[in-house]
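Step one of this worksheet: look at the structure below.
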Amino acid sequence: MTQKYPEFQAADMQAWAKAAAKSAPNGDVDALNWLTPDGITVKPLYTAEDTQALPYTNTLPGFEPYLRGPQATMYAVRPWTIRQYAGFSTAEESNAFYRKALAAGGQGVSVAFDLATHRGYDSDHPRVTGDVGKAGVAIDSVEDMKILFDQIPLDKISVSMTMNGAVLPVLAGYVVAAEEQGVTQDKLSGTIQNDILKEFMVRNTYIYPPEPSMKIIGDIIEYTAKNMPKFNSISISGYHMQEAGANQALELAFTLADGKEYVKTAIAKGMDVDDFAGRLSFFWAVGMNFYLEVAKMRAARLLWCRIMKGFNAKKPKSLMLRTHSQTSGWSLTEQDPYNNVVRTTIEAMAAVFGGTQSLHTNSFDEAIALPTEFSARIARNTQLIIQEETHITSVIDPWAGSYMMEKLTQDMADAAWAIIEEVEAMGGMTKAVDSGWAKLKIEAAAAQKQACIDSGKDVIVGVNKYKLKTEDAIEARDIDNVAVRDSQIARLNDIKQKRDPALVQQALAALESAAASGNGNLLDLTIQAMRARATVGEVSAAMEKTFGRHRADTQKVTGVYAAAYDSAEGWDKLKGEIADFATAQGRRPRVMIAKLGQDGHDRGAKVVSTAFADLGYDVDIGPLFQTPEECARQAIENDVHAVGVSTLAAGHKTLVPAIMAELKKQGGDDIVVFVGGVIPHQDYDMLYAAGVKGIYGPGTPIPVSAKDVLEQIKKSLPA
């Protein structure tokens, strides 16, 4: 029991308040409080009084409600698994990286797929010309999967795969590759992400609409529970929510609400909750709000136990939340990039103090490109040093009993639970996602955060404070997209020539029939199709005939960026210049913000759209997944002054010259083109030579880019 707060200490607290007031701003001790983006007040001093009323301060790790960890001994017996999330262009190159990483201390494989694969297209599809092999490995068939895991024993090495849209053919391809390696399904261990609801909120690598997508998830949970008992059928992911701008409370609430929806889906298929819940896992982002991240992970276990008890789960494994974590990619900066080594270390420490079961540490150069072997080694060694040199693993839950951390954990749980109850009142997470409400909540948080950075309220060392006068160039990995695509197409053609066409068509017809009727398990049927050497694109297309392909509504928040931008003088001056342009030209400057190819990461595009609109621009947002031809047509039809291409997946070298050519071809060569996002400096000259008028890399304040775009538009107008 917590000891009652001694009366005599009240006078001590008053004395402390007086002493603190001497150095507090205007003598106000409350001014030392930190109001987090989640709406939680963090005080500068906590005492035993703050934990008196908390219900869970005397619990133990490995026991309900698992606040202190899902295992009784945690890292004291077995440290977390070190994973290296990676995928480089071809299966051959990725395989070589995995084998080196495993030999150097990695303990599991984590696969990043290219965007063409995510979206269910084969590499020869015309819509993915600029995406093949970019931001991940291209996988078209079982043959690619076999190369990807060559000489990696799949009965011994766990495999994590970040895949949601094309989850059926990718998981089936892995199963068949393992079979042909001699490993039966019951021996496979690892995780498939299979978390489609968050795709509709943030990452956008969906294929089908929500309802059939949930059917797919149910079929995978059902099949793996029966045939793959060591494999996690779903990794319920908050990572991409935080990367898209969610604060910790939103990430926590929406992720647990997604998990609740998936449990409902499995139960609706007639499954007993204890037959599958033990193989559900989670995936958190760990950013630079150190205390909040530790509290979030402790609160997550507390709330998941509460949720699962609501489903009458009985087994301990059904009640305990197990998680993978990854350090933030969004917190990495292009400027002064070696600072990112420090950021990643701090984030890794937060993940460990929070009790993660596995961890990926990002490489310092990932703000501009895929990691090099040099940067990946530093990232991997960061974890090895924490595990092997610090003795942090010797203590199971070092934050237990901390007045601050125990109170912050409860505050985080309370903030997230309030959001979960709001979601439940809407009818659950599927409805919250369908309505667009959840996505807009995240986008508002992103716009607010960016405004705080751009105005200097939130410090980013090397970006908006302590900036270097000159930046040294660093080596960046470059992918030859054309060569990768050519090699993939050659392998596809070879597979199609050697397979039995009748067998493939029979398997695809069975899959199409099951999608239409709702009968049969789609994963089981997809495994049969992949054995026959159907391709990822063919399997996806077979179901698309019934399910259709999802198209998202384009919405944007307004007013949020302007309200949070704390530099009124410069803001008002720029708004005045934009208003003067409108008076002189008879209309406001009009820009179209575009995403080309299969890159669905739209945080930057949405924040820029919001800020430009708040400044007085007319802003059109192009639909996701446009081709350069479609983008050019919309820009001309909408009579815009400028097109801004937002790129995060390295397709700019192919897609930006293509949009320039299309604008010229369609008679819109007077339209200004600017580019923002993840663009290595080595590519700037090529883009300028193609006709781009402005390039705004990571860390560029939005008012700076807005001012430059206005000047470029003025220059483009007839004299």
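Residue indices begin at 1 and follow the sequence shown. Here the structure is a predicted model, which is why all the values come from computation and not from measurement.
Ion pair Glu630/Arg127 flagged as a salt bridge, since at least one NZ, NE, NH1 or NH2 atom sits closer than 4.0 Å to an Asp/Glu carboxylate oxygen. Using a 4.0 Å cut-off between charged side-chain N and carboxylate O, Glu143 and Arg491 make no salt bridge. A salt bridge between Glu243 and Arg603 is absent, with no side-chain N of the basic residue lying under 4.0 Å from a carboxylate O of the acidic one. Note on Arg203 versus Asp602: no salt bridge recorded, every NZ/NE/NH1/NH2 to OD/OE distance being 4.0 Å or above. Contact check on Glu93 versus Lys100 returns no salt bridge, with no Lys/Arg side-chain nitrogen under 4.0 Å from an Asp/Glu carboxylate oxygen. Salt-bridge annotation for Lys198 and Glu261: absent, with no side-chain N of the basic residue lying under 4.0 Å from a carboxylate O of the acidic one. Between Asp150 and Lys146 there is no salt bridge, since no side-chain nitrogen of the basic residue lies less than 4.0 Å from a carboxylate oxygen of the acidic one. Salt-bridge annotation for Asp140 and Lys496: absent, with no side-chain N of the basic residue lying under 4.0 Å from a carboxylate O of the acidic one.
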Before you tell me yes or no, could you show the steps for Leu596 and Phe625 under side chain to side chain contact (heavy atoms under 4.5 Å, CB included), namely the whole-Å CA-CA distance, both residues' side-chain angles and the distance that decides it to 0.1 Å? CA-CA 6 Å; Leu596 301 179; Phe625 315 123; over 6 Å; no
Quick one: do Lys309 and Glu64 satisfy salt bridge (Lys or Arg N to Asp or Glu O under 4.0 Å)? Show the steps, please. CA-CA 11 Å; Lys309 279 184 169 291; Glu64 294 181 27; 3.0 Å; yes
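Ring-plane geometry between Phe200 and Tyr206 is classed as parallel, the angle between the planes falling under 30 degrees on a 0 to 90 degree scale with a further cut at 60. Taking the six-membered ring where tryptophan is involved, the planes of Phe231 and Tyr174 are tilted, since the angle between them lies from 30° to 60°.
In this structure a side-chain-to-backbone donor-acceptor pair under 3.5 Å is present from Tyr239 to Thr327. In this structure, the side chain of Lys260 does not engage the main chain of Thr255 through any donor-acceptor pair within 3.5 Å. One N or O on the side chain of Ser435 and one on the backbone of Ala432 form a donor-acceptor pair closer than 3.5 Å. No donor-acceptor pair closer than 3.5 Å links the side chain of Asp122 to the backbone N or O of Asp124. Listed for the Ser281 side chain is no donor-acceptor partner under 3.5 Å among the backbone atoms of Thr191.
A donor atom on one side chain and an acceptor atom on the other are not found under 3.5 Å apart for Thr356 and Trp80.
Taking the six-membered ring for Trp and the full ring otherwise, Tyr66 and Trp304 have centroids separated by 6.0 Å or more.
Residues Asp219 and Lys269 meet the side-chain proximity criterion, which asks for heavy atoms closer than 4.5 Å. Residues Arg322 and Phe282 fail the side-chain proximity criterion, which asks for heavy atoms closer than 4.5 Å. Between Asn362 and Gln326 there is a side-chain heavy-atom pair separated by less than 4.5 Å. Within the 4.5 Å cutoff, side-chain heavy atoms of Ser325 are placed close to those of Thr323. Side-chain contact between Lys439 and Val202: absent, with no pair of heavy atoms (C-beta onward) separated by less than 4.5 Å. Ile220 is listed as a side-chain neighbour of Leu168, based on a closest heavy-atom distance under 4.5 Å. Using a 4.5 Å cut-off on side-chain heavy atoms (C-beta onward), Leu280 and Asn232 make no contact.
Judged by a 6.0 Å distance limit and a 45° cone about the ring axis, Arg549 is positioned over the six-membered ring of Tyr121.
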